[in-house]
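Numbering starts at 1 and runs along the sequence shown.
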Amino acid sequence: MRGPRPEDFETNPSTPITGQPTPSYPAGARKKGVGVRTWLVLCSRGQAQTTEVGKHAIMRRTGLPARDLRILDPLLSYPSTVLGRERAIVINLEHIKAIITAQEVLLLNSKDPSVAPFIDELQRRILCHYRATKPKEEENYEGETRMSMDRAQGTPQLFGEQGDEAKKDAKQSLENQDGSKVLPFEFVALEACLEAASSSLESEAVRLELEAHPALDKLTSKISTLNLERVRQIKSRLVAITGRVQKVRDELEHLLDDDEDMAEMYLTEKLAQKLENSSASSMNESDTVEVDLPEGDEDDRLPAESASESNRDESYLRADDDAHDLLMSTHSALSRNSRGTHTSSTRSAMTNKFDVEELEMLLEAYFVQIDGTLNKLSTLREYVDDTEDYINIMLDDKQNHLLQMGVMLTTATLVMSAFIAVAGVFGMNITIELFKDEKAGPMRFAWTVIGGFIGSIVLYVGAIGWWKQKRLLE
């Protein structure tokens, strides 16, 4: 078969060797970009959307570095990890690989059949959270509308008062209609991930326990190759699931021991704090701007003041619009510049501002559940080890019986060899009176055989008694 001709290829001008052929791909047949994956995006309203984006787009959207996204790569084997970053939480727990922000959840392996129940449960929780916080958000929107109408009527408010009211409204939005507190969006998603992972491990542990006990009992009653192979497979699965549960437990314990890592997960609070800081900075900038009036008599300034009263409402509205634009630009600049983790001083200050008791109680509940699963697996492991020790004792006992039987047979063979030696001596071609019929007769030959047999038995019994006396036989 002939290969392609040189004219079928394009010449690469950057190749040092002249005429080096490079294949020319037809239009639309280029390889799919490396790193482009399918993500399922769940917004704070519970709406799901599937999108295909690359790694750099996810980095810009969530503010995560590339090393954190590497943890979610399904082609790489990473243990269970929960990372809190400036604008997102990275979740890698068992079959759940997700990125949680203050407003949405991004799932990587959404097409996996084992993830479908988790997606339904997560969407249900997000809808419940949205319905619980929706009335408060509507009240806040009505309050902002009334505030804007008051400003239009000529009764403006200070930026500090607006920031305080916005902060109070943000806190009230986390409360339910009956006054009970509602978890922030990121904690609702985190709780769903922890519950799905812990439930999956718990179900695997229960299923393994139901399979292990009958197999171990059957092996105890009858030691066979088939039963030993079943127990070996169960033990391998037990070691694997124990390691996975232990890793999840260690990760939760690490988070509970470090308040700074828990403070990093308060995404909604950090977002509200950024808005408050940006509003405060915009207020300070507006205070520093002063309009210098020309020096003159008071009579010259009075007409100017009377002329400006007619346009005061328009000035207030224009100042509010400028402040709003400054607030949004400051927030966007802070969002673009927030990458990676904080320094130690910033993290300690954040820990002092954020009360991590709420997240600590959430993690503690699932830590207890995971620890209970680990204790159950440890109990099963001890039962397997006890059964293994019992099987080894039984095998050692049988081996000891076989060794004793071997010693007894060896002793009997030795005694019979002595009797055979006597028979061999009498079988030699010698002349003695025992072989003469006229002097010995058949009776003496018979007594000789009987005496040799009885002597062999006595020698065997004596040897066995000596072995027992030396505690070599039971």
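Looking at Glu94, its side chain never comes within 3.5 Å of a backbone N or O of Ala197 through a donor-acceptor pair. A donor-acceptor pair under 3.5 Å links the side-chain atoms of Asn400 to the main chain of Asp396, judged by distance alone. Side-chain atoms of Glu104 do not come within 3.5 Å of backbone N or O of Leu42 as any donor-acceptor pair. Counting only distance, with no hydrogens or angles, the side chain of Asn109 and the backbone of Ile96 share no donor-acceptor pair below 3.5 Å. A donor-acceptor contact shorter than 3.5 Å is absent between the side chain of His129 and the backbone of Val188. With hydrogens and angles disregarded, a donor-acceptor distance shorter than 3.5 Å links the side chain of Ser198 to the backbone of Leu194. Of the possible polar contacts, none joining the Asp371 side chain to the Phe367 backbone as a donor-acceptor pair under 3.5 Å is found. In this structure, the side chain of Glu186 does not engage the main chain of Thr101 through any donor-acceptor pair within 3.5 Å. Looking at Ser110, its side chain never comes within 3.5 Å of a backbone N or O of Leu107 through a donor-acceptor pair. Proximity of a side-chain donor or acceptor of Ser203 to a complementary backbone N or O of Ser200 within less than 3.5 Å is detected.
To the nearest 0.5 Å, atom CG of residue Leu363 and atom CD of residue Glu191 are 10.0 Å apart. To the nearest 0.5 Å, atom CG of residue Asp261 and atom CD of residue Glu251 are 9.0 Å apart. Atom-to-atom distance recorded for Asp250:CG and Ser80:OG is 10.5 Å, nearest 0.5 angstrom. Expressed to the nearest 0.5 Å, how far CH2 of Trp39 lies from NZ of Lys97 amounts to 10.0 Å. Separation of atoms CD (Glu269) and CD (Gln273) is listed at 8.5 Å; rounding is to 0.5 Å. Atom CD1 of residue Ile91 and atom CG of residue Leu108 lie 13.5 Å apart, to the nearest 0.5 angstrom.
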Determine whether Asn392 and Glu388 satisfy the following criterion, side-chain hydrogen bond (donor to acceptor under 3.5 Å, both in side chains), listing intermediate values before the conclusion.
CA-CA 6 Å; Asn392 291 331; Glu388 184 178 357; 4.5 Å; no

Set out, in order, the CA-CA distance, both residues' side-chain angles and the distance that settles side-chain contact (heavy atoms from CB on, under 4.5 Å) for Met59 and Leu69, then state yes or no.
CA-CA 8 Å; Met59 292 169 60; Leu69 293 180; 3.4 Å; yes

Determine, stepwise, if the pair Ile241 / Leu208 fulfils side-chain contact (heavy atoms from CB on, under 4.5 Å).
CA-CA 9 Å; Ile241 191 175; Leu208 181 62; 4.0 Å; yes

Start with the C-alpha distance between Val239 and Arg381, add both sets of side-chain angles, then the distance that settles side-chain contact (heavy atoms from CB on, under 4.5 Å), and finish with yes or no.
CA-CA 8 Å; Val239 172; Arg381 179 63 181 271; 3.7 Å; yes

With side-chain contact (heavy atoms from CB on, under 4.5 Å) as the criterion, how do Leu238 and Leu377 come out once you've worked through the C-alpha distance, each side chain's angles and the decisive distance to 0.1 Å?
CA-CA 7 Å; Leu238 177 61; Leu377 293 174; 3.8 Å; yes

Run the side-chain hydrogen bond (donor to acceptor under 3.5 Å, both in side chains) check on Asn227 and Ser224 step by step: do they pass?
CA-CA 5 Å; Asn227 293 335; Ser224 62; 3.0 Å; yes

Hey, mind stepping through Thr373 and Glu202 against side-chain hydrogen bond (donor to acceptor under 3.5 Å, both in side chains) and telling me if it holds?
CA-CA 6 Å; Thr373 304; Glu202 178 72 18; 2.5 Å; yes

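Side chains of Ile58 and His56 form no contact here, defined as non-hydrogen atoms less than 4.5 Å apart. Glu364 has its side chain out of reach of Met361: every pair of non-hydrogen atoms, C-beta onward, lies at least 4.5 Å apart. The closest side-chain heavy-atom distance from Thr38 to Thr50 is below 4.5 Å. The shortest side-chain heavy-atom distance between Leu252 and Ile370 falls under the 4.5 Å cut-off. Between Val90 and Thr81 the shortest side-chain heavy-atom distance does not fall below 4.5 Å. Val53 is not listed as a side-chain neighbour of Val36, based on a closest heavy-atom distance of 4.5 Å or more. Proximity of Arg244 to Val248: side-chain heavy atoms (C-beta onward) are nowhere separated by under 4.5 Å.
Remark: Glu264 does not engage Arg87 in a salt bridge, criterion side-chain N to carboxylate O under 4.0 Å. With salt bridges taken as basic N to acidic carboxylate O contacts below 4.0 Å, one links Asp73 and Arg37. Ion pairing of Asp120 with Arg124 is absent here, as no side-chain N (NZ or NE/NH1/NH2) approaches a carboxylate O to less than 4.0 Å. No salt bridge links Arg230 with Glu211; every basic N to acidic carboxylate O contact stays at or beyond 4.0 Å.
Other residues, nucleotides and ligands place more than 12 heavy atoms under 6.0 Å from the CE atom of Met394. Heavy atoms of other residues, nucleotides or ligands lying less than 6.0 angstrom from CD of Glu121 number more than 12. The environment of NE2 in His95 is crowded: more than 12 heavy-atom neighbours from other residues, nucleotides or ligands sit within 6.0 Å. In Tyr390, the OH atom is not crowded: 12 or fewer heavy atoms of neighbouring residues, nucleotides or ligands sit closer than 6.0 Å.
Here the two rings, on Phe187 and Tyr266, have centers that are under 6.0 Å apart. In this structure, Tyr383 has its ring center under 6.0 Å from that of His213.
Nearest heavy-atom pair across Val356 and Ala263 is CG1-N, 3.9 Å. Nearest heavy-atom pair, Phe118 versus Ala196, reported as atom, atom and distance to 0.1 Å: CD1-CB, 3.5 Å. The minimum heavy-atom distance linking Ile100 with Ala189 is given by the pair CD1-CB, 3.7 Å. Between Leu190 and Met265, the closest heavy-atom pair is CD2-SD, 4.2 Å. Closest approach of Lys376 to Glu209, counting heavy atoms only: CD-OE1, 3.4 Å. Here the closest non-hydrogen pair linking Pro214 and Leu210 is CD-O, 3.0 Å.
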